[in-house]
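Below: the structure, in structure tokens.
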Amino acid sequence: MAAPASPQARRRRPSRLRVLLRDAGAVVTLAYLALLLFVAIAASWLAPYDPVRLDLTATLAGPSAAHWAGTDDLGRDVLSRLMYGAGPSVFSSIAAVMLAAMIGVPFGLMAGFFGGWVDAAIGRVTDALLSFPTILLAVGIAAVLGTSLTNAVIAIGIAFSPGFARLMRATTMAVKQELYVEAARAIGAGPVWLLLRHVLPNAVTPVIVNAGLLLGNALLAEASLSFLGLGVQPPQASWGGMLARALIYMERAPELMYPPGLALVLTALAFNSLGEMARRWLDPRSLSG
Amino acid sequence: MLSRNRWRVVRRRILQAMPTLAIVSFISFIILHIGPGDPALLLAGEFPTEESIAEIRALYGFDRPILVQYASWVWQLLQGDLGRSLQSDEPVLDLILNRLPATLLIVCYAMVIAFVGGSVLGIAAAARRGGAVDRIATGFATLADALPYFWVAMLLVSFLALDWRLFPATGAVPFSDDPIEAIWAATLPAIALSISGIAQITRQLRAAMIEVLDSPFVRTLRAKGLSSRAILWKHGMKNVGVTLITVVGLVFSGKIGGTLLTETVFAIPGTGSALITAAINKDYFVVQGIIMMLSLFVFAVNLAVDLLYAVLDPRVE
């Protein structure tokens, strides 16, 4: 992951935002994400058709003036479904990562702060979950909760939480060793004060960076679950679900797999690049070194 | 031979793996059983009555306290009994054993591809840092992170199987029937499954190799007049071995997860596709059995990695 700091970043203290905007990749990423967000929010105004409206007279039709991206097996407009699918994909990956942080951070905080058996117990469970394949865990949880987008988000959130716990534990332990924390303790600061005043502020940056780097994974995990039939349920549009339909009709209409597939890859690339940008921007070490 | 200290490390690692496995089985059992959705309701058919549901609960023992259910499940597990499928009434163990070979074939095949491809790319990239190969390898690794397994699989099927007819599009051939046909049929799934592994190994190996090549001892070797090639192969390889072993454990875990998707796309009758069907139908014992079995493999590989690590790395004492 450790990309070498760009030459611009190594020069003496240019404004961080300027550094970011000078990077063409960063600008493209931000522009794409802005567009995506706009489409996701405004899909109902932008989409040319109702995404669930069937037209059995025009099924599996290729791109045309009426349907720019063609129609699927039930004659639904692919472009409209793609636009409507953006919302679930984007917002559910953000929600899943936030949920993961909300579960993982408190546990990591407790483990790092209290140490002893609390740390040992949380550490054991974290290790067990971390060595577990994420998608396997998510499928297991989705199986329990039932098939819906909300449950897929919960499953992904739980599956990603151990990473936050481990990160938070390391941060907390490092801060606890600091001299100023020692001093605060010596003048009688209680654990709540120490956590709120010293540990949490120091943890914000690594948690945000980790969240940024996980967004792309969450997107692909959600798409995987929807593809497998464990996430967004038809007829509601989702990129993973569109690919599941495309798989069935692959021989007759191979072009169906391109719009949702490309949307997924581009969005995952943009999310990963956003995470990388967050890391470079927020992590002071990567700017100076 | 291994010193006594080494043996102690090895023994400790094995003992540490046991509670982890117990925790996984316990957590997965608990969440499967306290989660919403009642298997008895599922089994009771279309028009369930209070009595028929209670009867089924009693029959399967769902009415007992959860810890008692877990204990009896573990007890049966130790005797090789994983329960029966709620859907087909097939013993779960038979179902797994029938389907495991197909899964293992594509996972192992994908591991081989990822290992070879990743090693070659990673070392070539590190050997000429900033060169054309390095840029291609780094770019590929970035792209591969954003590629969904199942989409890669669909692209491969579309081009190599449907358009050019080089490979079969779906299904698997049992290895015991015809090993060559089996490997042939498993090639596309294995490639699709290996992509992210190639990227992971490339990235880790490149970073590790660069670290070695930048270290002071290599500078000394260069000053002594050793050729770049000799440094790379003799000293570089020796020092990245540990990284390579560590990343293999990580990649294996990813392949086990990815096989759920790959098997679905290629309609391979393996454990992954069975898990998906069972998960959608809430076939609890099958879900539990397959998750346990697959995590057992992940743990076994991680344990093997840890042990190799303890044996190879002189710093582990």
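In what follows, chains carry the letters A, B, and so on, assigned in the order in which the sequence lines appear, proteins first and then strands, with residues in each chain numbered from 1.
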Relative to chain A, which segment of B:Leu147 carries a heavy atom at a distance below 4.5 Å: side chain, backbone, both, or neither?
both
Output the option from A:Ile135, A:Leu243, A:Leu230 having the highest count of non-hydrogen pairs under 4.5 Å with chain B.
A:Leu243
Apply side chain to side chain donor-acceptor pair (under 3.5 Å) to the pair B:Thr138 and B:Asp134, showing each step before the final yes or no.
CA-CA 6 Å; B:Thr138 314; B:Asp134 187 16; 3.2 Å; yes
Ignoring hydrogens and geometry beyond distance, is a side-chain donor-acceptor pair present between B:Ser196 and B:Lys255 at under 3.5 Å?
yes
Given a strict heavy-atom distance threshold of 4.5 Å, which part of B:Leu250 is in contact with chain A: side chain, backbone, both, or neither?
neither
So which residue, A:Pro254, A:Ser224, A:Gly229, A:Ala268, ends up with the most heavy-atom pairs under 4.5 Å with chain B?
A:Ser224
Can you find a side-chain donor-acceptor pair between A:Glu222 and A:Ser226 that sits under 3.5 Å?
yes
Okay, B:Val265 and chain A: the region with an atom under 4.5 Å from a heavy atom over there is both
Identify which of A:Thr267, A:Thr147, A:Val139, A:Asn217 forms the greatest number of heavy-atom pairs closer than 4.5 Å to chain B.
A:Val139
If we only count heavy atoms from C-beta on, is the B:Ile195 to B:Phe140 side-chain gap below 4.5 Å?
yes
So what's closer than 4.5 Å to chain A heavy atoms on B:Ile276: side chain, backbone, both or neither?
side chain
Can you tell which part of B:Phe159 gets under 4.5 Å to a heavy atom of chain A, answering side chain, backbone, both or neither?
side chain
So for B:Leu155, is it side chain, backbone, both, or neither that comes closer than 4.5 Å to the heavy atoms of chain A?
both
Heavy-atom proximity to chain A below 4.5 Å, by part of B:Phe252:
neither
